[in-house]
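Just so you know, these numbers come straight off a predicted model, no measurement behind them. Reckoned from all heavy atoms, side chains included, excluding hydrogens, waters and symmetry mates.
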Amino acid sequence: MSGTQGEQARAWQRMLSGRRLDLLNPSPLDIEITDIAHGLARVARWNGQTKGDHAFSVAQHSLLVEQIFRQITADPGPDWILAALLHDGPEYVIGDMISPFKVTLGGEYKMVEKRLQQAIHLRFSLPAELPEKLTKAIKRADRIAAYFEATRLAGFDEAEAARFFGRPRGIPASGFMIEPQPAKRIQKAFLERFAAIEKTVMRI
């Protein structure tokens with residue numbers, strides 16, 4: 001809702017947890033994993049243009065990326081695994097936009113996304129800026145997941161998907177859950193995976 005004349009337009013969103021998250025200047029203190037899981041489980045990948053009775057959610061995509069990341073990365077620590085699970089965290093408030101549209105929005109969108117990602121990282125004791133090596137590894141897992149989703153769910157043929165995302169080598173799609181699942185089921189699975197990772201993290 002916009003403010004009245006002379007007032008600054010509202011830039012925060014109320015979460016089901018009761019938190020008010022300022023989208024332009026997000027505080028880690030206003031971020032809750034329950035809000036992230038709830039939101040991501042209800043945001044559709046591919047603008048909803050996927051096969052199945054349910055949308056393929058960003059939460060399910062995040063679980064897929066985290067699983068692929070563990071498979072392709074040698075001895076990742078729990079912090080790295082958590083970063084992979086949360087790699088699309090900002091989308092619980094700003095939604096998932098396909099890459100071509102993100103390009104048209106330019107720098108302002110990327111800045112909002114970056115601030116939200118940094119706040120999420122700090123909330124869960126990760127560095128605001130991830131090491132380049134980790135960022136590249138997560139991106140590789142993300143592109144593998146996108147290839148599987150594109151060819152199994154979004155109507156891409158293999159050659160077309162390979163042009164956009166690269167062709168996975170030695171990683172069969174059969175080992176992963178790609179069939180879209182109900183939002184509540186994926187929300188629960190996301191929270192359970194987060195809790196399992198958190199138990200292995202050593203905090204000082």
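From F69, atom CZ reaches atom CG of L85 across 11.0 Å, with rounding to the nearest 0.5 Å. Residue E149 holds its CD atom at 8.0 Å from CD of Q60, rounded to the nearest 0.5 Å. For the atom pair CG of L130 and CD1 of I138, the computed distance is 5.5 Å after rounding to the nearest 0.5 Å. Atom CG of L82 and atom CD1 of I197 lie 5.5 Å apart (nearest 0.5 Å). For the atom pair CG (L63) and CD1 (I68), the distance works out to 11.0 Å, reported to the nearest 0.5 Å. One finds the OG atom of S57 at 12.0 Å from the CZ atom of R185 (value rounded to the nearest 0.5 Å).
Side chain of R42 to backbone of Q187: no donor-acceptor contact under 3.5 angstrom is found. A donor-acceptor pair under 3.5 Å is absent between the side-chain atoms of H61 and the main chain of V58, judged by distance alone. Not one N or O on the side chain of E179 forms a donor-acceptor pair closer than 3.5 Å with the backbone of M177.
Among H121, E113, R115, K114, the single residue meeting the side-chain hydrogen bond (donor to acceptor under 3.5 Å, both in side chains) criterion with Q117 is H121.
The heavy-atom pair separating F148 from P172 by the smallest distance is CZ-C, 4.0 Å. For the pair L122 and P28, the tightest heavy-atom approach, listed with the atom from each and the gap, is CB-CG, 3.8 Å. Nearest approach of G89 to I120, heavy atoms of both residues: C-CD1, 3.5 Å. Listed here is the closest heavy atom pair of R20 and R14: NH2-NH2, 3.0 Å. Scanning both residues, A84 and V65, for their nearest heavy atoms gives O-CG1, 4.3 Å. Nearest heavy atom pair, residue A44 against residue D96, reads O-OD2, 3.8 Å.
Counting heavy atoms from C-beta on, the side chains of E66 and H87 never come closer than 4.5 Å. Using a 4.5 Å heavy-atom cutoff, the side chains of Y92 and V43 are not in contact. Within the 4.5 Å cutoff, the side chain of I33 has heavy atoms near those of the L86 side chain. Within the 4.5 Å cutoff, the side chain of S27 has no heavy atoms near those of the D22 side chain. Using a 4.5 Å heavy-atom threshold, the side chains of Y147 and E158 count as touching. Under the 4.5 Å side-chain criterion, counting only non-hydrogen atoms from C-beta, I144 is in contact with R140. Side-chain contact between I81 and R70: present, with at least one pair of heavy atoms (C-beta onward) separated by less than 4.5 Å. Considering only heavy atoms from C-beta on, I31 stays 4.5 Å or farther from R19 through its side chain.
Classified by interplanar angle (parallel below 30°, tilted 30° to 60°, perpendicular above 60°), the ring pair F194/F124 is perpendicular. The aromatic rings of F156 and F164 sit perpendicular, their planes meeting at an angle over 60°, well past the 30° parallel limit.
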Taking it one step at a time, do F176 and Q71 satisfy side-chain contact (heavy atoms from CB on, under 4.5 Å)?
-> CA-CA 11 Å; F176 305 103; Q71 184 168 320; 3.4 Å; yes
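The number of heavy atoms from other shown groups lying within 6.0 Å of CG (D157) is above 12.
Note: the hydrophobic cluster containing L24 also contains M15 (ILVMFWY, side chain heavy atoms under 4.5 Å, direct or indirect links).
No side-chain N or O of S62 forms a donor-acceptor pair with one of D88 less than 3.5 Å apart.
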